[in-house]
Amino acid sequence: MIKVLVADDHKIFRAGVKRLIEESPDIEVAGEAHDGFDAMAKLRQQEWDVVLLDINMPNKSGLDIVRQMKLEKPKLPILILSMYPEEQYAVRALKAGAAGYLTKDSESEELIAAIRKVVKGGRYATPALLEKLLFELDGERDAPKHHALSEREHQIFEQIIQGKSLTEIAEAMSISVKTVSTYRTRVLEKMNMENNAELIHYAIQHGLSD
């Protein structure tokens, strides 16, 4: 029996995933976690065959959770199940150590197939994501500029493209305005841009913002 840990902050979503998964006789949801700290605690309590992880979790970002889980359990496959489109997070999630990436509007059959594949040691990626990864690996085209950002820089970038001011970002992230300004400068330098308007335009072009 494949034992699954489902980590998502929405109870109704966890219940729905559990119903879908348990229609398969070889898979069971053996545990649930509601935030990043809970996910790490559950990880240490018993052995799991696979973790289904939402990338947007309270207390800890999903990518940080992936990295920490892989440090503690290097062989444990982690399957990201996210509301965000592949263009926004998939490549970064796989580079962080995730075994696969699915959006929450995927068909149930696709989820079951992905679970079985990663448990056997494989990787799961849609054809579109696989093509994107191959392009990056073989150097046929440059990776998108935002892939060069660190996790914290990417968090600042996300806030900026939502139109938030430095003060609003500082309050949301519980850091100083000066720190936000420093990260903003790094983001602009790494992405070779001059101002927030260029960042927002870039985000729209790459499907990162409405």
>> If I take atom CG from residue Leu188 and atom OH from residue Tyr183, how far apart are they, to the nearest 0.5 angstrom?
In response: 15.0 Å
>> Please give me the minimum heavy-atom distance between Val66 and Leu53, naming the atom from each residue.
In response: CG2-CD2, 3.6 Å
>> Under a 3.5 Å distance rule, please check whether Tyr124 uses its side chain to pair with a backbone N or O of Leu111 as donor and acceptor.
In response: no
> CG/Leu94 to CZ/Arg92 distance, rounded to the nearest 0.5 angstrom?
Replying inline: 12.0 Å
>> Once salt bridge (Lys or Arg N to Asp or Glu O under 4.0 Å) is applied, what residue pairs with a partner in residues 105-127 remain, sequence neighbours excluded?
In response: Asp26-Arg116
> Do the side chain of His154 and the main chain of Ser150 share a donor and acceptor less than 3.5 angstrom apart?
Replying inline: no
> For the residue pair Ser82 and Ile55, what are the closest heavy atoms and their distance?
Replying inline: OG-CG2, 3.3 Å
> For the hydrophobic clusters of this structure (ILVMFWY residues joined by side-chain heavy atoms under 4.5 Å, transitively), does one cluster hold both Val29 and Leu20?
Replying inline: no
> Are the side chain of Glu168 and the backbone N or O of Ser165 linked by a donor-acceptor pair below 3.5 Å?
Replying inline: yes
> Are Ile80 and Asp54 close enough, and set up right, to give a side chain to side chain contact (heavy atoms under 4.5 Å, CB included), and what steps lead you there?
Replying inline: CA-CA 6 Å; Ile80 299 295; Asp54 184 3; over 6 Å; no
>> As an exercise, state the distance from CD of Gln159 to CG of Asn196, rounded to the nearest 0.5 Å.
In response: 12.0 Å
>> A side-chain contact here means heavy atoms from C-beta on lying under 4.5 Å apart; do Phe157 and Leu208 qualify?
In response: yes
> Under 3.5 Å, is there a donor-acceptor pair between the side chain of Lys70 and the main chain of Pro77?
Replying inline: no
>> As an exercise, state the distance from CZ of Arg19 to OG of Ser108, rounded to the nearest 0.5 Å.
In response: 12.0 Å
>> Return the CD1 to CD1 distance between Ile156 and Ile169, rounded to the nearest 0.5 Å.
In response: 5.5 Å
>> I'd like to check Ile2 versus Ile115 (side-chain heavy atoms, cut-off strictly below 4.5 Å). Are they in contact?
In response: yes
> Is Glu47 salt-bridged to Lys73, cutoff N-O under 4.0 Å?
Replying inline: yes
> If you round to the nearest 0.5 Å, how far is CE of Met57 from CG of Leu63?
Replying inline: 12.5 Å
>> Taking the side chain as everything from C-beta on, heavy atoms only, tell me whether Val4 gets closer than 4.5 Å to Glu28.
In response: no
>> Looking at every non-hydrogen atom in both residues, tell me the closest pair between Ser61 and Glu151 and how far apart they are.
In response: OG-OE2, 3.3 Å
> Which pair of heavy atoms, one from Ala33 and one from Leu5, lies closest together, and at what distance?
Replying inline: N-CD1, 4.3 Å
> Would you say Leu71 has more than 12 foreign heavy atoms packed within less than 6.0 Å of its CG?
Replying inline: yes
>> Once side-chain hydrogen bond (donor to acceptor under 3.5 Å, both in side chains) is applied, do any residues pair with Asp9, and if so which ones, sequence neighbours excluded?
In response: none
Under 3.5 Å, sequence neighbours excluded: what are the donor-acceptor pairs made by side chains of residues 171-178?
unit_1	atom_1	unit_2	atom_2	d
Ser176	OG	Thr179	N	3.0
Ser176	OG	Thr179	OG1	2.8

> Going by heavy atoms in the side chains, are Leu102 and Leu79 under 4.5 Å from each other?
Replying inline: yes
> What heavy-atom pair brings Lys104 and Leu81 nearest, and what distance separates the two atoms?
Replying inline: CE-O, 3.5 Å
>> Could you walk me through whether Ile160 and Arg184 satisfy the side chain to side chain contact (heavy atoms under 4.5 Å, CB included) test, starting with their C-alpha distance in whole Å, then the side-chain angles of each, then the deciding distance to 0.1 Å, before giving a yes or no?
In response: CA-CA 8 Å; Ile160 291 173; Arg184 173 183 173 275; 3.9 Å; yes
>> Between the side chains of Lys18 and Asp8, is the shortest nitrogen-to-carboxylate-oxygen separation below 4.0 Å, so that they form an ion pair?
In response: no
> Which pairs count as salt bridge (Lys or Arg N to Asp or Glu O under 4.0 Å) when at least one residue sits in residues 187-196, sequence neighbours excluded?
Replying inline: Glu153-Lys190
> So, does Tyr202 use its side chain to make a donor-acceptor pair with the main chain of His146 at under 3.5 Å?
Replying inline: yes
>> A side-chain contact here means heavy atoms from C-beta on lying under 4.5 Å apart; do Leu149 and Val187 qualify?
In response: yes
> Within the side chain of Thr185, is there an N or O that forms a donor-acceptor pair under 3.5 Å with the backbone of Ser181?
Replying inline: yes
> Nearest heavy-atom pair of Ile200 and Ile161: which atoms, and what distance?
Replying inline: CG1-CA, 3.9 Å
> Are the side chains of Val180 and Thr167 in touch, meaning some heavy atoms are under 4.5 Å apart?
Replying inline: no
Would you mind writing out the side-chain donor-acceptor pairs for residues 37-45 within the sub-3.5 Å range, not counting sequence neighbours?
unit_1	atom_1	unit_2	atom_2	d
Asp38	OD1	Lys42	NZ	2.7
Asp38	OD2	His34	N	3.0
Asp38	OD2	Lys42	NZ	3.3
Lys42	NZ	Glu32	O	3.3
Arg44	NE	Glu72	OE1	2.9
Arg44	NE	Glu72	OE2	3.4
Arg44	NH2	Glu72	OE2	2.6

> Do the side chains of Glu22 and Ile27 get nearer than 4.5 Å, heavy atoms only?
Replying inline: no
>> Checking Lys3 now: which residues fulfil side-chain hydrogen bond (donor to acceptor under 3.5 Å, both in side chains) with it, not counting sequence neighbours?
In response: none
